[in-house]
Undergrad: 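First, the structure itself, so that you have it in front of you.
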2 protein chains.
Amino acid sequence: MAKQYLIDSLASNFEIDADATGVLEDVEMTPKRLLKGQSLFRTGDVVTNLFCVAEGWMTAAAELEDGERQLLNFHVPIDLAGLEFLSESKATSTMTAFENSLIYLIPVSQFLSGLQRSPRASLSLLNVLGRRYITMQDRICVFAHGDAKAKIAYLLLGLRSKQLRNKFKNPNVLRLPLTQPDIADALGLSPVTVSREFTKLTKAGFVEYNRNEITIKDVSALEACVTPIITQDKHADEFG
Amino acid sequence: MAKQYLIDSLASNFEIDADATGVLEDVEMTPKRLLKGQSLFRTGDVVTNLFCVAEGWMTAAAELEDGERQLLNFHVPIDLAGLEFLSESKATSTMTAFENSLIYLIPVSQFLSGLQRSPRASLSLLNVLGRRYITMQDRICVFAHGDAKAKIAYLLLGLRSKQLRNKFKNPNVLRLPLTQPDIADALGLSPVTVSREFTKLTKAGFVEYNRNEITIKDVSALEACVTPIITQDKHADEFG
DNA sequence: CGAATTCTTGATAGCCCTCAAGATACGTGG
DNA sequence: CCACGTATCTTGAGGGCTATCAAGAATTCG
């Protein structure tokens, strides 16, 4: 059954031990398919479901007042997403399918009562959110002090880490149809700058860029781009 | 007794209801005084205590490789700090007293076992961490898309919100001996730029800057500096 | 095939950093 | 109380990085 598979995957990815995952066993997980570009919820909507990504990519984005947007997160299989809306039922970002995706909806109410019954699961989630907070601090450092090259390297390494954790076959090939305008939206750069930086990175042999498929050729070279900002041992952090 | 006062304050500040605060009643809180500039722990240290700020200001900073630093957080009375180290016992930032401070140390182990006994406290903490995560997303937006003026306005409004929540008498007077180099470190700007922006903000009548005491004269004008980045209703978010 | 989007490349402009020098304030010791 | 050193603040000049504007090539999609 799909649900048991998801639970097992979540257990390994979030270091929720077998006992703690009991929290998910009594909740109903409703499958939902989203087409590319379709939104699960928008800023201001009331969010009543967490969700688990089974196939595809989901992305969280903030819509800025001047028409720009800030991509905040990338959710791949098997990610549990929406934890930040346990407290705020009103969405502060828009959750959109980046490509055709299959997700499983988890009602917040059921999830919460599951947590009430399982103190160990609550602690695991506290750990997850604590780590995410630390990751966000690193991201602040990169956005505050890094140049365009450092930001792009940080993004690519973060996506690679995410694929690595979720056991993608070749983590160096980013299986995400990211256009350069998308990358620009994620990093607060202009598409033109992204293009220029990628030609430089390609000429240097650090990456290969083939429209919608980015291949990391030299991980340590990319790490060297970020090292002036954050220390080496933090490069395993995921983006989003 | 000091401890009961702290517990009550934490209860109101973190929306931890009276029942849930039972988590703190069985833990020992050890008072510790720190002189200005003294560090509680440094990056890489093993953190075995959360702490609650009773007097003064504490600040968390990341030390970057090129000798710069990124100020990440400001902790005022009555803040509970160090929650992100429930998962990572190794500190990822350095916690320093910004002025002479009195804090109460709370052993992580005792706090965790308290959480095990109190599911509602765990949920409250999940809410707190969830909100902090959302706040960090806003900060990402400002750092990625904002200019120097927007960043400074965002910082000032965030510090004001913090004083407001913690019931300082006049929240518009920032009671934090922040030098311009400090502000530069918090925002990834150069001290020179901070100085120029403050002279502009002063001439415009938005703030008053008197060496170590910043007074916000026009809240809505500052909000207007940030509004192009994040929407109006998010300005209540705290910095840090 | 045609329209829209994406990608590339060049030229220009603006913001912020760096360097530098002088002024002001703070703390310490005499 | 004063002198001194240190740190902070201000202001100017110059330079680098990235945004913007623009135009053309390549790709995708209907």
Side-chain angles (χ1 to χ4, degrees), chain A residues 35-38 64 66-71 98-100 142-155 174 176-204 207-215 225 228-229, chain B residues 35-37 64 66-71 98-100 141-155 174 176-204 207-215 225 228-229:
Chain A
L35 297 178
K36 179 175 180 174
Q38 205 174 347
L64 310 182
D66 53 4
E68 293 188 85
R69 62 176 186 159
Q70 171 71 45
L71 293 190
F98 224 75
E99 53 185 7
N100 296 343
V142 173
F143 276 76
H145 292 86
D147 58 7
K149 190 165 79 170
K151 288 184 187 177
I152 290 176
Y154 180 74
L155 172 65
L174 302 183
L176 173 60
L178 268 183
T179 66
Q180 290 182 2
D182 291 330
I183 296 172
D185 285 341
L187 299 176
L189 299 170
S190 75
V192 178
T193 300
V194 174
S195 170
R196 283 190 228 274
E197 290 301 326
F198 264 110
T199 58
K200 284 187 213 165
L201 289 173
T202 302
K203 278 177 188 163
V207 302
E208 252 177 38
Y209 186 91
N210 290 321
R211 218 156 185 125
N212 288 356
E213 184 178 283
I214 303 169
T215 306
C225 298
I229 316 295
Chain B
L35 297 179
K36 178 175 181 175
L64 310 182
D66 53 4
E68 293 188 84
R69 62 174 188 161
Q70 171 71 44
L71 293 190
F98 224 75
E99 52 185 8
N100 297 342
C141 292
V142 173
F143 277 76
H145 292 86
D147 58 7
K149 189 166 80 169
K151 289 184 188 177
I152 290 176
Y154 179 75
L155 172 65
L174 302 183
L176 173 59
L178 268 183
T179 66
Q180 291 182 2
D182 292 330
I183 296 172
D185 284 341
L187 299 175
L189 299 170
S190 74
V192 178
T193 300
V194 173
S195 170
R196 283 191 228 274
E197 290 301 325
F198 264 109
T199 58
K200 285 186 211 167
L201 289 173
T202 301
K203 278 176 187 164
V207 303
E208 252 177 37
Y209 187 91
N210 290 319
R211 220 159 185 123
N212 287 356
E213 183 178 284
I214 303 170
T215 305
C225 299
I229 317 294

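Values reported hereafter were calculated over all heavy atoms of this structure, with side chains retained and with hydrogens, waters and symmetry mates removed. Lettering follows sequence order; numbering is per chain, from 1.
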Undergrad: So do the side chains of B:Leu201 and B:Tyr209 get within less than 4.5 Å of each other, counting heavy atoms only?
TA: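 No, too far: nothing below the 4.5 Å cut-off.
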Undergrad: Is there side-chain contact between A:Arg69 and A:Leu64, with at least one heavy-atom pair below 4.5 Å?
TA: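 With C-beta onward as the side chain, the pair stays apart.
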Undergrad: For A:Asn210 and C:dT6, give me the distance from atom CG to atom C1', rounded to whole Å.
TA: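 Interatomic distance, CG of A:Asn210 to C1' of C:dT6: 14 Å.
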Undergrad: Spell out, as yes or no, whether a donor-acceptor pair under 3.5 Å connects the side chain of B:Asp185 to the backbone of B:Leu71.
TA: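 Answer holds: no.
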Undergrad: Using a 4.0 Å heavy-atom cut-off, does A:Pro191 contact any base of the nucleic acid, only the sugar-phosphate backbone, or nothing at all?
TA: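 It contacts nothing in the nucleic acid.
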Undergrad: What is the distance, rounded to the nearest whole Å, between atom CG of B:Leu178 and atom P of D:dA7?
TA: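 In whole Å, D:dA7 P and B:Leu178 CG are 19 Å from each other.
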Undergrad: Do A:Arg196 and C:dT8 share a donor-acceptor pair, side chain to base, under 3.5 Å?
TA: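 A donor-acceptor contact between them is absent.
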Undergrad: B:Ser195 side chain N/O closer than 4.0 Å to the phosphate oxygens (OP1, OP2) of D:dT10?
TA: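 Yes.
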Undergrad: Assign each of B:Thr199 and B:Arg211 to its nearest nucleotide of DNA chain D by heavy atoms, then name whichever residue's nucleotide is nearer the 5' end.
TA: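 With B:Thr199 and B:Arg211 compared, the 5'-side residue is B:Arg211.
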Undergrad: B:Tyr209 OH to C:dT24 P: how many Å, rounded?
TA: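 Whole-Å distance recorded here is 17 Å.
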Undergrad: For A:Thr179, report the nucleic acid contact type (base, sugar-phosphate, nothing); a contact means any heavy atom under 4.0 Å.
TA: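 Since only primed, P, OP1 and OP2 atoms lie under 4.0 Å of A:Thr179, the category is sugar-phosphate.
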Undergrad: Rounded to whole angstrom units, what separation is found between the CD1 atom of A:Ile152 and the P atom of C:dC7?
TA: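 Taking atom P of C:dC7 as the reference, CD1 of A:Ile152 is at 12 Å.
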Undergrad: Counting the atoms with a prime plus P, OP1 and OP2 as sugar-phosphate, which does B:Gly188 contact under 4.0 Å by heavy atoms, base, sugar-phosphate, or nothing?
TA: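 Sugar-phosphate contact only.
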Undergrad: Tell me the interatomic distance from B:Phe143, atom CZ, to C:dC16, atom P, rounded to whole angstroms.
TA: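 Nearest whole value for this atom pair: 13 Å.
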Undergrad: Quiz question: by atom type and distance under 3.5 Å, do the side chains of A:Thr193 and A:Ser190 form a donor-acceptor pair?
TA: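 Yes, a side-chain donor-acceptor pair sits under 3.5 Å.
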Undergrad: Report the nucleotide, chosen from C:dC16, C:dC17, C:dC7, that has the shortest atom-to-atom distance to any side-chain atom of B:Asp147.
TA: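 Nearest nucleotide to the side chain: C:dC16.
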Undergrad: Any side-chain N or O of B:Gln180 less than 4.0 Å from the OP1 or OP2 oxygen of D:dA7?
TA: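 Result: no.
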Undergrad: Nearest to the side chain of B:Ser190, which nucleotide is it out of D:dT10, C:dC17, C:dT6?
TA: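 Ranking D:dT10, C:dC17, C:dT6 by closest atom to the B:Ser190 side chain puts C:dC17 first.
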Undergrad: Whole Å only: how far is the NZ atom of A:Lys200 from the C1' atom of D:dG16?
TA: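 Rounded to whole Å, this separation is 11 Å.
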Undergrad: Test your reading of the model: is there a side-chain donor-acceptor pair from B:Asn210 to the backbone of B:Glu213, 3.5 Å cut-off?
TA: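 A pair under 3.5 Å: no.
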Undergrad: Return the 5'-most residue of the pair A:Lys149, B:Asp182 with respect to DNA chain D, ranking by each residue's nearest nucleotide.
TA: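 Mapping each residue to its closest nucleotide by heavy atoms, the 5'-most match is B:Asp182.
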Undergrad: Whole Å only: how far is the NZ atom of A:Lys36 from the P atom of D:dT28?
TA: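 Interatomic distance, NZ of A:Lys36 to P of D:dT28: 11 Å.
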